[in-house]
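To start, the structure under review is shown below, and the notes come after it.
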Amino acid sequence: MGGSVSCCISPGESPKIHRREVELEECPITTTEDVSEDTGTYLQHISDRELPDELAQEANPSDHPRASTLFLNKSQTDVREKRKSNYMNHMSPGLLTKKYSSCSTIFIDDSTVSQPNLKSTIKCVALAIYYHIKNRDSNRSLDIFDEKKHPLSREKVPDDYSVVDPEHKLIYRFIRTLFSSAQLTAECAIVTLVYLERLLTYAEMDICPSNWKRIVLGAILLASKVWDDQAVWNVDYCQILKDITVEDMNEMERHFLELLQFNINVPASVYAKYYFDLRSLADDNNLSFPLEPLSNKRAQKLEAISRLCEDKYKDLSKSAMRRSVSADNLVGIKNSQAVLS
(Lines give C-alpha, C1' and ligand atoms only; values in the text may rest on other atoms or scores of the structure.)
Protein backbone atom coordinates (compact mmCIF):
# COMPACT_ATOMS: atom_id res chain seq x y z
CA MET A 1 0.00 0.00 0.00
CA GLY A 2 0.99 3.63 -0.29
CA GLY A 3 4.39 4.19 -1.88
CA SER A 4 5.61 0.60 -1.61
CA VAL A 5 5.49 -1.72 -4.59
CA SER A 6 4.88 -5.39 -3.96
CA CYS A 7 4.57 -8.31 -6.35
CA CYS A 8 4.46 -12.08 -6.18
CA ILE A 9 7.53 -13.74 -7.65
CA SER A 10 7.79 -17.47 -8.18
CA PRO A 11 10.95 -19.34 -7.04
CA GLY A 12 12.03 -19.77 -10.61
CA GLU A 13 11.82 -16.08 -11.38
CA SER A 14 13.19 -14.86 -14.66
CA PRO A 15 15.96 -12.23 -14.91
CA LYS A 16 13.47 -9.88 -16.63
CA ILE A 17 11.23 -9.82 -13.57
CA HIS A 18 14.21 -9.13 -11.30
CA ARG A 19 15.39 -6.26 -13.50
CA ARG A 20 11.86 -4.81 -13.50
CA GLU A 21 11.81 -4.90 -9.66
CA VAL A 22 15.13 -3.05 -9.51
CA GLU A 23 13.85 -0.39 -11.90
CA LEU A 24 10.75 0.15 -9.78
CA GLU A 25 12.87 0.50 -6.62
CA GLU A 26 15.01 3.15 -8.32
CA CYS A 27 11.89 5.14 -9.28
CA PRO A 28 9.82 5.60 -6.09
CA ILE A 29 6.14 6.43 -6.45
CA THR A 30 4.95 9.72 -5.01
CA THR A 31 1.84 9.44 -2.85
CA THR A 32 -0.19 11.80 -0.75
CA GLU A 33 2.14 11.07 2.19
CA ASP A 34 5.10 12.54 0.28
CA VAL A 35 3.40 15.90 -0.19
CA SER A 36 4.66 18.52 2.24
CA GLU A 37 2.33 20.41 4.50
CA ASP A 38 3.14 23.64 2.64
CA THR A 39 1.51 22.39 -0.53
CA GLY A 40 -1.67 21.38 1.24
CA THR A 41 -3.90 18.45 0.41
CA TYR A 42 -2.96 16.62 -2.80
CA LEU A 43 -5.61 17.16 -5.50
CA GLN A 44 -5.37 15.32 -8.79
CA HIS A 45 -5.54 17.60 -11.83
CA ILE A 46 -8.63 17.24 -14.00
CA SER A 47 -6.52 16.37 -17.04
CA ASP A 48 -5.13 13.38 -15.12
CA ARG A 49 -8.62 12.10 -14.38
CA GLU A 50 -9.80 12.35 -17.98
CA LEU A 51 -9.18 9.84 -20.75
CA PRO A 52 -5.92 10.16 -22.69
CA ASP A 53 -6.21 12.47 -25.67
CA GLU A 54 -5.60 9.66 -28.17
CA LEU A 55 -8.43 7.57 -26.74
CA ALA A 56 -10.77 10.54 -26.66
CA GLN A 57 -10.03 11.34 -30.29
CA GLU A 58 -10.63 7.77 -31.34
CA ALA A 59 -13.93 7.64 -29.46
CA ASN A 60 -15.27 11.04 -30.56
CA PRO A 61 -14.16 12.00 -34.08
CA SER A 62 -16.88 14.65 -34.24
CA ASP A 63 -15.26 16.50 -31.32
CA HIS A 64 -11.54 16.36 -32.15
CA PRO A 65 -10.01 17.71 -35.37
CA ARG A 66 -7.17 15.17 -35.48
CA ALA A 67 -9.43 12.10 -35.30
CA SER A 68 -10.38 10.46 -38.57
CA THR A 69 -14.02 10.75 -39.61
CA LEU A 70 -16.13 7.61 -39.44
CA PHE A 71 -17.55 7.85 -42.94
CA LEU A 72 -14.11 8.12 -44.56
CA ASN A 73 -12.92 5.01 -42.73
CA LYS A 74 -16.01 3.05 -43.76
CA SER A 75 -15.62 4.08 -47.40
CA GLN A 76 -11.99 2.97 -47.68
CA THR A 77 -12.95 -0.71 -47.86
CA ASP A 78 -15.01 -0.17 -51.00
CA VAL A 79 -12.43 2.16 -52.51
CA ARG A 80 -9.65 -0.40 -52.07
CA GLU A 81 -11.84 -3.13 -53.57
CA LYS A 82 -12.61 -0.98 -56.62
CA ARG A 83 -8.94 -0.21 -57.18
CA LYS A 84 -7.98 -3.86 -56.72
CA SER A 85 -10.70 -4.99 -59.14
CA ASN A 86 -9.61 -2.49 -61.77
CA TYR A 87 -6.00 -3.60 -61.38
CA MET A 88 -6.78 -7.32 -61.54
CA ASN A 89 -9.01 -6.91 -64.60
CA HIS A 90 -6.56 -4.48 -66.22
CA MET A 91 -9.38 -2.01 -66.66
CA SER A 92 -8.42 1.40 -67.92
CA PRO A 93 -10.13 4.42 -66.40
CA GLY A 94 -11.48 5.28 -69.85
CA LEU A 95 -11.78 8.81 -71.06
CA LEU A 96 -10.45 11.39 -68.65
CA THR A 97 -13.49 13.23 -67.33
CA LYS A 98 -11.55 15.28 -64.79
CA LYS A 99 -10.20 18.59 -65.97
CA TYR A 100 -6.59 19.44 -65.27
CA SER A 101 -4.94 22.84 -65.28
CA SER A 102 -2.35 23.69 -67.90
CA CYS A 103 -0.01 26.57 -68.67
CA SER A 104 -2.76 28.46 -70.48
CA THR A 105 -5.85 27.48 -68.44
CA ILE A 106 -6.47 27.11 -64.73
CA PHE A 107 -9.51 25.13 -63.57
CA ILE A 108 -10.95 25.79 -60.11
CA ASP A 109 -14.27 25.00 -58.50
CA ASP A 110 -16.55 27.43 -56.74
CA SER A 111 -16.58 25.46 -53.48
CA THR A 112 -14.61 26.72 -50.48
CA VAL A 113 -14.60 25.75 -46.84
CA SER A 114 -16.56 28.92 -45.99
CA GLN A 115 -18.93 28.70 -48.99
CA PRO A 116 -19.28 25.07 -50.16
CA ASN A 117 -21.16 24.15 -53.31
CA LEU A 118 -24.65 23.13 -52.17
CA LYS A 119 -25.44 20.39 -54.69
CA SER A 120 -22.02 18.75 -54.49
CA THR A 121 -21.96 18.92 -50.70
CA ILE A 122 -25.38 17.25 -50.39
CA LYS A 123 -24.24 14.50 -52.78
CA CYS A 124 -21.14 13.88 -50.66
CA VAL A 125 -23.11 13.86 -47.40
CA ALA A 126 -25.59 11.39 -48.91
CA LEU A 127 -22.67 9.20 -50.04
CA ALA A 128 -21.16 9.33 -46.54
CA ILE A 129 -24.47 8.17 -45.06
CA TYR A 130 -24.68 5.45 -47.72
CA TYR A 131 -21.31 4.05 -46.65
CA HIS A 132 -22.37 4.25 -43.00
CA ILE A 133 -25.37 2.06 -43.76
CA LYS A 134 -23.62 -0.33 -46.12
CA ASN A 135 -20.57 -0.99 -43.94
CA ARG A 136 -22.26 -0.86 -40.55
CA ASP A 137 -20.99 -3.15 -37.80
CA SER A 138 -24.42 -4.21 -36.53
CA ASN A 139 -28.05 -3.06 -36.35
CA ARG A 140 -28.11 -1.32 -32.97
CA SER A 141 -30.95 1.18 -32.90
CA LEU A 142 -33.52 2.93 -30.71
CA ASP A 143 -37.30 2.87 -30.98
CA ILE A 144 -37.58 6.64 -31.40
CA PHE A 145 -35.77 6.36 -34.76
CA ASP A 146 -37.54 3.21 -35.99
CA GLU A 147 -39.50 4.14 -39.10
CA LYS A 148 -42.12 1.41 -38.60
CA LYS A 149 -42.92 2.54 -35.07
CA HIS A 150 -42.77 6.22 -36.04
CA PRO A 151 -43.58 6.40 -39.77
CA LEU A 152 -42.88 9.56 -41.76
CA SER A 153 -45.80 8.96 -44.15
CA ARG A 154 -49.13 7.16 -44.24
CA GLU A 155 -47.86 4.74 -46.83
CA LYS A 156 -47.36 1.21 -45.56
CA VAL A 157 -43.80 0.49 -44.57
CA PRO A 158 -42.50 -2.53 -46.57
CA ASP A 159 -41.91 -5.74 -44.67
CA ASP A 160 -38.26 -5.76 -45.72
CA TYR A 161 -37.69 -2.14 -44.67
CA SER A 162 -35.07 -3.20 -42.13
CA VAL A 163 -33.15 -5.46 -44.51
CA VAL A 164 -32.75 -3.68 -47.85
CA ASP A 165 -30.03 -1.01 -47.86
CA PRO A 166 -31.07 2.27 -49.53
CA GLU A 167 -29.25 3.38 -52.65
CA HIS A 168 -27.19 6.55 -52.78
CA LYS A 169 -29.75 8.23 -55.05
CA LEU A 170 -32.59 7.59 -52.60
CA ILE A 171 -30.64 9.14 -49.72
CA TYR A 172 -29.67 12.09 -51.90
CA ARG A 173 -33.28 12.76 -52.97
CA PHE A 174 -34.48 12.65 -49.36
CA ILE A 175 -31.87 15.15 -48.17
CA ARG A 176 -32.20 17.36 -51.26
CA THR A 177 -35.98 17.62 -50.74
CA LEU A 178 -35.56 18.81 -47.17
CA PHE A 179 -32.79 21.28 -48.03
CA SER A 180 -34.62 22.67 -51.05
CA SER A 181 -37.95 23.09 -49.24
CA ALA A 182 -36.42 24.58 -46.08
CA GLN A 183 -33.85 26.64 -48.08
CA LEU A 184 -30.93 25.37 -46.02
CA THR A 185 -27.27 26.07 -46.78
CA ALA A 186 -24.38 23.78 -47.66
CA GLU A 187 -22.70 24.52 -44.33
CA CYS A 188 -25.79 23.10 -42.63
CA ALA A 189 -25.29 19.83 -44.55
CA ILE A 190 -21.76 19.48 -43.15
CA VAL A 191 -22.96 20.19 -39.60
CA THR A 192 -25.72 17.60 -40.16
CA LEU A 193 -23.07 14.96 -40.83
CA VAL A 194 -21.13 16.03 -37.72
CA TYR A 195 -24.23 15.62 -35.53
CA LEU A 196 -25.05 12.29 -37.16
CA GLU A 197 -21.62 10.80 -36.40
CA ARG A 198 -21.68 12.31 -32.91
CA LEU A 199 -25.01 10.56 -32.29
CA LEU A 200 -23.65 7.21 -33.47
CA THR A 201 -20.60 7.60 -31.23
CA TYR A 202 -22.31 8.90 -28.09
CA ALA A 203 -25.35 6.60 -28.24
CA GLU A 204 -23.31 3.59 -29.46
CA MET A 205 -25.79 2.83 -32.21
CA ASP A 206 -25.75 2.20 -35.96
CA ILE A 207 -27.52 3.89 -38.83
CA CYS A 208 -29.33 1.16 -40.76
CA PRO A 209 -32.24 0.77 -43.22
CA SER A 210 -34.84 0.93 -40.45
CA ASN A 211 -33.75 4.24 -38.89
CA TRP A 212 -31.71 6.25 -41.41
CA LYS A 213 -34.52 8.62 -42.44
CA ARG A 214 -35.42 9.68 -38.93
CA ILE A 215 -31.79 10.00 -37.85
CA VAL A 216 -31.02 12.19 -40.87
CA LEU A 217 -34.17 14.23 -40.27
CA GLY A 218 -33.25 14.78 -36.61
CA ALA A 219 -29.71 15.83 -37.53
CA ILE A 220 -30.97 18.26 -40.18
CA LEU A 221 -33.55 19.67 -37.76
CA LEU A 222 -30.90 20.34 -35.12
CA ALA A 223 -28.27 21.64 -37.54
CA SER A 224 -30.68 24.12 -39.12
CA LYS A 225 -31.54 25.57 -35.71
CA VAL A 226 -27.93 25.82 -34.54
CA TRP A 227 -26.28 26.97 -37.77
CA ASP A 228 -28.73 29.08 -39.76
CA ASP A 229 -29.65 32.57 -38.57
CA GLN A 230 -33.30 32.08 -39.56
CA ALA A 231 -34.05 28.65 -38.13
CA VAL A 232 -36.78 26.44 -39.52
CA TRP A 233 -39.51 25.60 -37.02
CA ASN A 234 -40.64 22.05 -36.42
CA VAL A 235 -44.05 22.86 -37.84
CA ASP A 236 -42.35 23.86 -41.11
CA TYR A 237 -40.96 20.35 -41.48
CA CYS A 238 -44.47 19.03 -40.92
CA GLN A 239 -45.52 20.96 -44.01
CA ILE A 240 -42.71 19.34 -46.00
CA LEU A 241 -43.43 15.86 -44.66
CA LYS A 242 -47.22 16.05 -44.68
CA ASP A 243 -47.98 13.05 -42.49
CA ILE A 244 -45.65 13.69 -39.54
CA THR A 245 -46.95 15.46 -36.44
CA VAL A 246 -45.36 18.29 -34.49
CA GLU A 247 -45.45 16.20 -31.31
CA ASP A 248 -43.43 13.48 -33.02
CA MET A 249 -40.88 16.06 -34.24
CA ASN A 250 -40.57 17.55 -30.75
CA GLU A 251 -40.11 14.13 -29.17
CA MET A 252 -37.46 13.10 -31.68
CA GLU A 253 -35.59 16.39 -31.23
CA ARG A 254 -35.62 15.99 -27.44
CA HIS A 255 -34.24 12.44 -27.66
CA PHE A 256 -31.62 13.54 -30.18
CA LEU A 257 -30.37 16.29 -27.86
CA GLU A 258 -30.31 13.99 -24.85
CA LEU A 259 -28.33 11.37 -26.78
CA LEU A 260 -25.86 14.09 -27.82
CA GLN A 261 -25.59 15.03 -24.13
CA PHE A 262 -26.62 18.52 -25.32
CA ASN A 263 -23.22 18.90 -27.00
CA ILE A 264 -24.12 20.89 -30.12
CA ASN A 265 -20.81 22.74 -30.39
CA VAL A 266 -18.95 22.29 -33.67
CA PRO A 267 -15.43 23.79 -33.57
CA ALA A 268 -14.13 25.41 -36.74
CA SER A 269 -11.33 22.85 -36.96
CA VAL A 270 -13.82 19.95 -36.85
CA TYR A 271 -15.99 21.61 -39.48
CA ALA A 272 -12.97 22.09 -41.77
CA LYS A 273 -11.92 18.46 -41.27
CA TYR A 274 -15.34 17.20 -42.34
CA TYR A 275 -15.34 19.51 -45.35
CA PHE A 276 -11.99 18.28 -46.66
CA ASP A 277 -12.81 14.64 -45.86
CA LEU A 278 -15.99 15.03 -47.92
CA ARG A 279 -13.88 16.32 -50.79
CA SER A 280 -11.59 13.30 -50.43
CA LEU A 281 -14.67 11.06 -50.49
CA ALA A 282 -15.80 12.78 -53.68
CA ASP A 283 -12.43 12.22 -55.35
CA ASP A 284 -12.39 8.54 -54.37
CA ASN A 285 -15.84 8.01 -55.89
CA ASN A 286 -15.52 10.19 -59.00
CA LEU A 287 -17.89 12.83 -57.62
CA SER A 288 -15.67 15.74 -58.53
CA PHE A 289 -16.83 19.24 -57.76
CA PRO A 290 -17.71 21.25 -60.90
CA LEU A 291 -14.61 22.87 -62.35
CA GLU A 292 -14.62 26.05 -64.43
CA PRO A 293 -11.81 27.95 -66.17
CA LEU A 294 -10.44 30.83 -64.18
CA SER A 295 -11.60 34.00 -65.94
CA ASN A 296 -10.15 37.49 -65.55
CA LYS A 297 -13.18 38.65 -63.61
CA ARG A 298 -12.98 35.77 -61.17
CA ALA A 299 -9.22 36.17 -60.76
CA GLN A 300 -9.70 39.83 -59.83
CA LYS A 301 -12.38 38.80 -57.33
CA LEU A 302 -10.09 36.25 -55.69
CA GLU A 303 -7.28 38.80 -55.56
CA ALA A 304 -9.58 41.32 -53.91
CA ILE A 305 -10.65 38.76 -51.30
CA SER A 306 -7.00 37.89 -50.65
CA ARG A 307 -6.11 41.57 -50.14
CA LEU A 308 -9.08 42.02 -47.81
CA CYS A 309 -7.99 39.08 -45.65
CA GLU A 310 -4.39 40.30 -45.64
CA ASP A 311 -5.41 43.80 -44.53
CA LYS A 312 -7.65 42.30 -41.85
CA TYR A 313 -4.80 40.25 -40.38
CA LYS A 314 -2.51 43.29 -40.47
CA ASP A 315 -5.06 45.32 -38.50
CA LEU A 316 -5.41 42.51 -35.97
CA SER A 317 -1.65 42.30 -35.47
CA LYS A 318 -1.39 46.11 -35.08
CA SER A 319 -4.16 46.17 -32.47
CA ALA A 320 -2.48 43.31 -30.60
CA MET A 321 0.82 45.24 -30.59
CA ARG A 322 -0.94 48.37 -29.31
CA ARG A 323 -2.51 46.39 -26.48
CA SER A 324 0.89 44.96 -25.61
CA VAL A 325 2.51 48.40 -25.57
CA SER A 326 -0.32 49.79 -23.44
CA ALA A 327 0.12 46.97 -20.95
CA ASP A 328 3.88 47.62 -20.77
CA ASN A 329 3.27 51.33 -20.18
CA LEU A 330 0.78 50.52 -17.43
CA VAL A 331 3.30 48.27 -15.70
CA GLY A 332 5.96 51.00 -16.02
CA ILE A 333 3.66 53.64 -14.47
CA LYS A 334 2.82 51.34 -11.55
CA ASN A 335 6.51 50.66 -10.93
CA SER A 336 7.27 54.40 -10.96
CA GLN A 337 4.49 55.10 -8.49
CA ALA A 338 5.81 52.35 -6.22
CA VAL A 339 9.30 53.85 -6.28
CA LEU A 340 8.02 57.36 -5.52
CA SER A 341 5.92 56.15 -2.65
Side-chain angles (χ1 to χ4, degrees), residues 65-66 69 71-72 75 79 82-83 86 92-129 168-169 171-173 175-194 220 223-224 226-232 266-322:
R66 289 180 293 174
T69 52
F71 70 87
L72 197 61
S75 67
V79 171
K82 289 179 183 178
R83 292 174 180 172
N86 292 338
S92 62
L95 296 176
L96 294 177
T97 56
K98 188 175 180 179
K99 300 176 181 179
Y100 294 91
S101 301
S102 63
C103 297
S104 59
T105 307
I106 298 177
F107 290 98
I108 60 173
D109 60 67
D110 61 347
S111 181
T112 61
V113 68
S114 59
Q115 292 182 341
N117 181 275
L118 178 60
K119 185 177 180 180
S120 300
T121 303
I122 293 178
K123 280 186 177 181
C124 292
V125 171
L127 186 61
I129 296 172
H168 174 225
K169 291 182 179 179
I171 302 173
Y172 169 70
R173 284 198 296 266
I175 300 176
R176 184 191 62 184
T177 301
L178 293 175
F179 270 72
S180 177
S181 302
Q183 298 182 352
L184 302 178
T185 61
E187 298 93 325
C188 185
I190 298 176
V191 177
T192 296
L193 186 58
V194 175
I220 292 175
S224 63
V226 173
W227 188 263
D228 287 348
D229 295 332
Q230 296 180 346
V232 183
V266 179
S269 54
V270 171
Y271 171 88
K273 176 188 68 176
Y274 272 78
Y275 169 78
F276 288 110
D277 280 1
L278 284 172
R279 291 194 67 112
S280 299
L281 182 69
D283 291 338
D284 293 338
N285 292 270
N286 297 324
L287 286 178
S288 57
F289 284 62
L291 297 174
E292 296 180 359
L294 181 62
S295 60
N296 291 333
K297 183 178 180 181
R298 195 172 182 190
Q300 293 174 358
K301 183 178 179 181
L302 291 174
E303 187 177 1
I305 294 174
S306 177
R307 282 197 194 129
L308 183 64
C309 293
E310 187 177 354
D311 294 340
K312 181 179 179 181
Y313 289 131
K314 284 182 179 179
D315 294 339
L316 289 174
S317 61
K318 287 181 180 178
S319 61
M321 288 180 63
R322 283 197 296 268

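These values consider heavy atoms only, across backbone and side chains, with no hydrogens, waters or symmetry-generated copies.
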Sequence neighbours left out, what passes side-chain contact (heavy atoms from CB on, under 4.5 Å) with [X]? Give chain and number order.
{"X": "Ser181", "value": "Thr177, Ile240"}
{"X": "Ser269", "value": "Pro65, Pro267"}
{"X": "Thr192", "value": "Phe179, Cys188, Ala219, Ile220, Ala223"}
{"X": "Lys119", "value": "Asn117, Lys123, Tyr172"}

Candidate pair His168 and Leu287, rule side-chain contact (heavy atoms from CB on, under 4.5 Å), full reasoning: CA-CA 12 Å; His168 174 225; Leu287 286 178; 4.3 Å; yes

Nearest heavy-atom contact between Ala189 and Thr121 is CB-CG2, 4.1 Å

So, taking the atom named [atom1] in [X] and the one named [atom2] in [Y], what distance separates them when rounded to the nearest 0.5 Å?
{"X": "Leu118", "Y": "Arg176", "atom1": "CG", "atom2": "CZ", "value": "11.0 Å"}
{"X": "Phe71", "Y": "Leu281", "atom1": "CZ", "atom2": "CG", "value": "6.0 Å"}
{"X": "Ile129", "Y": "Cys124", "atom1": "CD1", "atom2": "SG", "value": "11.5 Å"}
{"X": "Lys273", "Y": "Leu72", "atom1": "NZ", "atom2": "CG", "value": "10.5 Å"}

Apply side-chain hydrogen bond (donor to acceptor under 3.5 Å, both in side chains) to Thr185 and list each qualifying residue two or more places apart in sequence or on a separate chain.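 Listed in chain order: Glu187, Asp228.
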
Name all residues meeting the side-chain hydrogen bond (donor to acceptor under 3.5 Å, both in side chains) criterion together with Ser224; count only those two or more places apart in sequence or in a different chain, and write none if there are none.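 side-chain hydrogen bond (donor to acceptor under 3.5 Å, both in side chains) list for Ser224, sorted by chain: Tyr237.
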
Can you check whether Val226 reaches Val191 side chain to side chain, under 4.5 Å on heavy atoms?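 They are not in contact (no side-chain heavy atoms under 4.5 Å apart), so the answer is no.
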
Side chains of Thr69 and Leu193: does their closest heavy-atom pair fall under 4.5 Å? no

Kindly write out the residues that satisfy ring-ring contact (aromatic ring centres under 6.0 Å, His included) with Tyr271, not counting sequence neighbours, or none if the list is empty. Trp227

Output, in order, the C-alpha distance, side-chain angles, deciding distance and verdict of side-chain contact (heavy atoms from CB on, under 4.5 Å) for Leu278 and Ile190. CA-CA 9 Å; Leu278 284 172; Ile190 298 176; 4.1 Å; yes

